[in-house]
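For reference, the structure discussed in these notes is given below.
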Protein chains: 2
Amino acid sequence: MSRTRPNPLPVQTQSPHIRVTLKDVASVAGVSAMTVSRVLNAPDSIPAGTVAKVRAAIASTGYVPNSAAQALRSSKSRLIAAVLPTLTGPIFLDTIGALTAGLAKRGYQLMVGQSGYSATGEDQLITDIISRRPDGIVLTGVVHTDEGRRRLLASGIPIVETWDLTADPLDVLVGFSHEAVGREVSRFLVGKGRKKLALIGADDVRSKRRWASFAKSARALGLSAPVARFVTAPAMLGDGRQTLRALLAEHPDVDAIFCSSDALALGVLIEARAQGIDVPGQLAVVGFGDLNFSAQLDPALTTVRIDGPRIGELAAHCIVSRALGQPLEERIIDVGFTIVERAST
Amino acid sequence: MSRTRPNPLPVQTQSPHIRVTLKDVASVAGVSAMTVSRVLNAPDSIPAGTVAKVRAAIASTGYVPNSAAQALRSSKSRLIAAVLPTLTGPIFLDTIGALTAGLAKRGYQLMVGQSGYSATGEDQLITDIISRRPDGIVLTGVVHTDEGRRRLLASGIPIVETWDLTADPLDVLVGFSHEAVGREVSRFLVGKGRKKLALIGADDVRSKRRWASFAKSARALGLSAPVARFVTAPAMLGDGRQTLRALLAEHPDVDAIFCSSDALALGVLIEARAQGIDVPGQLAVVGFGDLNFSAQLDPALTTVRIDGPRIGELAAHCIVSRALGQPLEERIIDVGFTIVERAST
DNA sequence: TTGTAGGCGTTATCAA
DNA sequence: TTGATAACGCCTACAA
């Protein structure tokens, strides 16, 4: 037909290419569908000649297996679901990036779900996830409702929790102790001769746990009770500026601040400079996260570094092992953290 | 059985609950599988009594549909694939977050793939994507190999490209003109009386396109040729510091700098302060991205704001419309951009 | 080494 | 309004 089509796009609903099936490849190659399947899944058991023939047919037809059919038949979806509070906010980003890459390397894909900072919609999210029958679920920085945890657990899908070390893990855990972070930062600051500690944090559970440990440790070391201010997550630079102002107005004797994110710490540094407060002379500042800008600030920011990519890669390893039913060396992996000392303390 | 199990976790490989099928629900409810299916998909055509009976059976069994079977039978996966260069780097984050949320709202899930800044592994990624038979693909900030573009196109899967306005879109486009950004920023700086412009950018295609337009426009407005420095993506704060130093050493007469990201611009601000250069007195600085910290810097950063969440939400709308075969009001949506004027210019 | 039969869980279609 | 039947594309199990 030489007629021109005025509007070609809406017309083609499905490409022919995507509808190529095993059978089509088989008939092109002159073998049965099973042989094609075996060439794809266990080529070693097939003579080289047949393999070549089939490979040629696959190439010429542009065949790509339909993973829904594979999943249905084999009960293996090669899909991993990740749940995180929100994609907005850079904290978990490296982890998710490394997780995605680590899964791709192993032949798995990642499906993402945002649970939000509230529990709203979490139920629907969990239904959506279970409906996909993922081979594993990676939980990152989320506290689920009891009902949500129960359903996830009841689904029997392997679960890896990350970015935390809780007392009662569902199964596998890759993270670090927020209690240890709070304790070590307070020890660090006390070691620097600081007398009146403060914390500015986001109002999430982990930040609160760091605070509890930070405060307890400071008191144990003989200091007066530290003070804290919490801002609504996600905590941003502007919150740091405002909160420092309010904090110092009420507690002018504070000489060290632990911020629950580097973004907050940057706000604190900027506000301190605006107020003519010397850092670290009058005020020591410690961040959390070691974002890529933190080393370049002026003064460079002392902060707690978490190896996000490592958590992602380990989570990929663990969840795939679980998915394959392989034994895991360890069920609880503590990746630790580092206090990176720079000019702000 | 009252026997306690010493180690419950490794034992249960699959939960019973996840193996509940339509048939199980049907037999509990005393109806056929088709009736259960209809209650789920078209409850209006079923009498209220039957619906109630079936709903009760669903609740008591904990049934969740198997989407692999649904996809296989109906050729609708309710899955959208997103391809982006890398999750590391905050630029596309808001877009992906809004996309994920917008899709969830419409009953779709997002699968993410990282194409990397190189073309390596892109072929495998595309195979993985096609294998899932997603109902749509959202491309963000990636330039594909010709072969990759060809395969994606040949798959017949609807495609939405974002974060750009190219001359030859594959199908639907949600973005803005990088040429317009370059041009408008140069006009803006010239309007401020700046005489010698410079640009510090990442070495990606879009940044280069902004540069070309920036330089051309500056010359058209009678200025001498702007100078540029490019750093390896992802561009970070430290790159901004170093590059500014090198740039000013060679071109001390530069009085305005357009940075291809706010992170770079922050580096430039910090380095300028370290060198005692007055911003904006001696040097005007413009960023790109309007990250959440930019308004809080000192001086606050003039920057180009892109509405990332809006792009994500529109992309969700467009790709779902395409997936459902619904007509689209517009195939090319220009979300534009805003030059947010602050103290750094 | 290769092929045949059957079923995974769901929905389109037709029949009652 | 409801049900029976078949088929989506693939892989497990068994046979040749």
Side-chain angles (χ1 to χ4, degrees), chain A residues 13-14 16-54 57-58 61-79 107 130-135 155, chain B residues 14-54 57-58 61-79 107 130-135 155:
Chain A
T13 306
Q14 284 286 357
H17 157 165
I18 211 169
R19 297 195 169 279
V20 176
T21 72
L22 267 190
K23 269 187 190 158
D24 301 315
V25 177
S27 69
V28 168
V31 297
S32 75
M34 263 321 295
T35 301
V36 179
S37 175
R38 283 195 263 255
V39 166
L40 258 19
N41 299 308
D44 296 338
S45 67
I46 308 278
T50 308
V51 169
K53 226 170 30 178
V54 171
I58 289 173
T61 53
Y63 171 72
V64 177
N66 180 326
S67 52
Q70 293 178 312
L72 184 58
R73 179 62 242 216
S74 67
S75 301
K76 283 175 187 1
S77 62
R78 306 217 128 224
L79 195 70
I130 293 178
S131 157
R132 295 273 170 205
R133 306 293 194 265
D135 292 340
S155 76
Chain B
Q14 283 288 355
S15 140
H17 157 167
I18 211 170
R19 296 195 170 279
V20 176
T21 72
L22 267 191
K23 270 185 191 160
D24 301 316
V25 177
S27 70
V28 168
V31 297
S32 74
M34 265 319 297
T35 299
V36 179
S37 175
R38 282 194 264 255
V39 166
L40 257 19
N41 298 307
D44 296 339
S45 66
I46 308 279
T50 309
V51 170
K53 225 171 32 180
V54 170
I58 289 173
T61 54
Y63 170 72
V64 177
N66 180 325
S67 51
Q70 293 178 312
L72 183 59
R73 178 63 239 212
S74 67
S75 303
K76 284 176 186 358
S77 62
R78 305 215 130 228
L79 195 69
I130 293 179
S131 158
R132 294 275 170 203
R133 306 294 193 266
D135 292 339
S155 76

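Letters A, B, ... are given to chains in the order of the sequence lines, protein chains preceding strands, and every chain is numbered from 1.
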Just how far, in rounded Å, is [atom2] of [N] from [atom1] of [X]?
| X | N | atom1 | atom2 | result |
| --- | --- | --- | --- | --- |
| Asp44(A) | dT2(C) | CG | C1' | 17 Å |
| Met34(B) | dT10(C) | CE | P | 12 Å |
| Asn66(B) | dC8(C) | CG | P | 12 Å |
| Asp24(B) | dC8(C) | CG | C1' | 13 Å |
| Arg132(B) | dC8(D) | CZ | C1' | 17 Å |
| Tyr63(B) | dG9(C) | OH | P | 10 Å |
| Arg78(A) | dC10(D) | CZ | P | 16 Å |
| Lys76(A) | dT12(D) | NZ | P | 9 Å |

task: Among the candidates dT13(C), dC8(D), dT10(C), find the nucleotide nearest to the side-chain atoms of Arg38(B).
output: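 When the side chain of Arg38(B) is considered, dT13(C) is the closest of dT13(C), dC8(D), dT10(C).
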query: Which nucleotide, dT2(D), dT10(C), dG3(D), lies nearest any side-chain atom of Ala69(B)?
result: dT10(C)
query: At under 4.0 Å between heavy atoms, what does Leu22(A) touch on the DNA or RNA strands: base, sugar-phosphate, or nothing?
result: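 Sugar-phosphate contact only.
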Rounded to the nearest 0.5 Å, what separation is found between the [atom1] atom of [X] and the [atom2] atom of [Y]?
| X | Y | atom1 | atom2 | answer |
| --- | --- | --- | --- | --- |
| Thr61(B) | Arg19(B) | OG1 | CZ | 15.5 Å |
| Ser67(A) | Leu72(B) | OG | CG | 10.5 Å |
| Ser37(A) | Gln70(A) | OG | CD | 8.5 Å |
| Asn41(A) | Met34(A) | CG | CE | 8.0 Å |
| Ser27(B) | Leu22(B) | OG | CG | 11.0 Å |

Looking at [X], does any N or O in its side chain come under 4.0 Å of the phosphate oxygens OP1/OP2 on [N]?
| X | N | answer |
| --- | --- | --- |
| Asn41(A) | dC11(D) | yes |
| Gln70(B) | dT11(C) | yes |
| Ser37(B) | dT11(C) | yes |
| Thr50(A) | dT2(C) | yes |
| Thr35(B) | dG3(D) | yes |
| Ser32(B) | dG3(D) | yes |

task: Name the residue closer to the 5' end of DNA chain D, choosing between Ser74(B) and Pro47(B) according to the nucleotide with the nearest heavy atom.
output: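 The residue closer to the strand's 5' end, by nearest nucleotide, is Pro47(B).
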task: Specify the residue among Arg73(B) and Gly30(B) whose closest nucleotide of DNA chain D lies further upstream toward the 5′ end.
output: Gly30(B)
